Amino acid sequence: MAEPSAKIIDGSAIAGSITETVRAASDALTAAGIVPGLAVVLVGADPASEVYVRNKGRTAAALGFHSVQLNRPATISETELLALVEELNQDQAIHGILVQMPLPSHIDPSRIIEAIRPDKDVDGFHPINVGRLATGSRGTALVPCTPAGSMILIRHALGADIAGLRAVVIGRSNIVGKPVAQLLLQENCTVTIAHSRTRDLPGVVREADIVVAAVGRARLVRGDWIKPGATVIDVGMNRIPAPERGEGQTRLVGDVAFDEAALVAGWITPVPKGVGPMTIAMLMANTVTAASRIAGLPEPNF
Ligand code: NAD
């Protein structure tokens, strides 16, 4: 059997070094009398959301942040949730506000996102932040965490200058696909956004020096779609049955057939321990960035 040629991009290790930079920034802010504050709001009791929210809160607390988790029942009204967001907007101890998605169907997520103060919107989903990212105002935007983390992984593999490279982003969600494409464009890549209606997806992906897969379909991207030497960032997180681990067991896989793609790619992220750890690290990074900006202090570089 052929040996994998790709180098692995170790998301856990890179996230660890981001976290160290966050810690130093958090310590400096705290010494200046500002303890970075992150509030995470969880509506209802979705088990996956509960795990995400707990991890975010724990990481924030471990970094010395003022970490607040606000649980509300699934029956909360939109008006009540808007009032809670407004309370957090006014709270001087809070610099980052995150309302965990998805919300119950009687609440309009865009109304909630638009109610968050843009300079506390550490998810980067508020239209003001989306617009700032699109117009290239990185200095004032808060950038969505998974896309920001994906770019750091690309920089780790290819260095800071990726100008002129062909990048294909598979997926056009507001959370991952679109902002990642904006960030690649800002780095002067030639960017294609592929999606569920794209014709000849394998042919499109074969042109790419950089592939970012953000679809949510296990092993959609096959090894023979990858241009030799390409950098592959696999954002997908898919739970599939893993009977080899015992009855009823599952495992996490990406959108890329890792074993196949690793034979062809130059660099590749694994799943797990690729993009996943970067997302939470960038949430912490956005919180210290928000705290620094609100205080009018210089912000750290990530
Ligand atoms: P989404 O469902 O909002 O968007 C999926 C996109 O994939 C859509 O734009 C759709 O057009 C496209 N698509 C669907 N089927 C396709 C096909 N056959 N060919 C080409 N494109 C297709 O999903 P999302 O929120 O962007 O998340 C995508 C994946 O990334 C999911 O697996 C999610 O769990 C994962 N994710 C991971 C992290 C992380 O921290 N690692 C963070 C966010 C999302």
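Numbering of ligands and ligand atoms starts at 1, following listing order. As the structure is a prediction and not an experimental result, all values here were calculated from the model.
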Quick one: look up the protein heavy atom nearest [atom] and list residue, atom name and how far away it is.
atom	result
atom 33 (C) of ligand 1	Met237 N, 4.2 Å
atom 11 (O) of ligand 1	Ser196 N, 3.2 Å
atom 42 (C) of ligand 1	Thr146 OG1, 3.2 Å
atom 29 (C) of ligand 1	Gly216 N, 3.7 Å
atom 8 (C) of ligand 1	Arg172 N, 4.0 Å
atom 40 (O) of ligand 1	Thr279 OG1, 2.7 Å
atom 25 (O) of ligand 1	Ser173 OG, 4.0 Å
atom 27 (O) of ligand 1	Val176 CG2, 4.4 Å

So, are [X] and [Y] salt-bridged, with charged N and O less than 4.0 Å apart?
X	Y	answer
Arg72	Glu80	no
Arg222	Asp224	no
Arg219	Asp259	yes
Arg111	Glu78	yes
Lys227	Asp209	yes

Q) Would you say Ala194 contacts ligand 1, with heavy atoms under 4.0 Å as the rule? A)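 Ala194: no contact with ligand 1 (<4.0 Å).
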
Q.
Can you tell me if Gly177 contacts ligand 1 (heavy atom of the residue under 4.0 Å from the ligand)?
A.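 In this structure, Gly177 fails to qualify as a contact of ligand 1 - no heavy atom is under 4.0 Å.
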
Q) Hey, is CG on Asn301 packed in by over 12 heavy atoms from elsewhere, all under 6.0 Å? A) no

Q: Inspect the surroundings of CD in Glu244 and state if more than 12 heavy atoms from other residues, nucleotides or ligands are less than 6.0 Å away.
A: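 Correct, the count exceeds 12.
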
Between [X] and ligand 1, which part of the residue brings a heavy atom under 4.0 Å of the ligand: side chain, backbone, both or neither?
X	value
Val215	both
Thr198	neither
Met278	neither

Q.
Does either side chain, that of Gln182 or that of Gln186, offer a donor lying less than 3.5 Å from an acceptor on the other one?
A. no

**Q.** Between Lys56 and Gln69: side-chain donor-acceptor atoms closer than 3.5 Å
**A.** no

Q | Residue selection (non-hydrogen contact nearest atom 30 (O) of ligand 1) among Thr269, Val235, Val205, Val271 | A | Val235

Q.
Nearest non-hydrogen contact with atom 19 (N) of ligand 1 belongs to which option: Val221, Leu201, Val275?
A. Leu201

**Q.** Thr279 and Leu283, any side-chain heavy atoms less than 4.5 Å apart
**A.** no

Q: Report yes if the side chains of Trp225 and Leu201 come closer than 4.5 Å at any heavy-atom pair, otherwise no.
A: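 Yes, side chains in contact.
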
Q) Which of the atoms in ligand 1, numbered in the order shown and given with their element, are less than 4.0 Å from a heavy-atom of Ile170? A) 20 (C), 21 (N)

**Q.** Contact atoms of ligand 1, heavy-atom distance to Gly276 under 4.0 Å
**A.** 40 (O), 41 (N)

Q.
Does ligand 1 come near enough to Gly171 that some N or O of the ligand is less than 3.5 Å from an N or O of the residue?
A. no

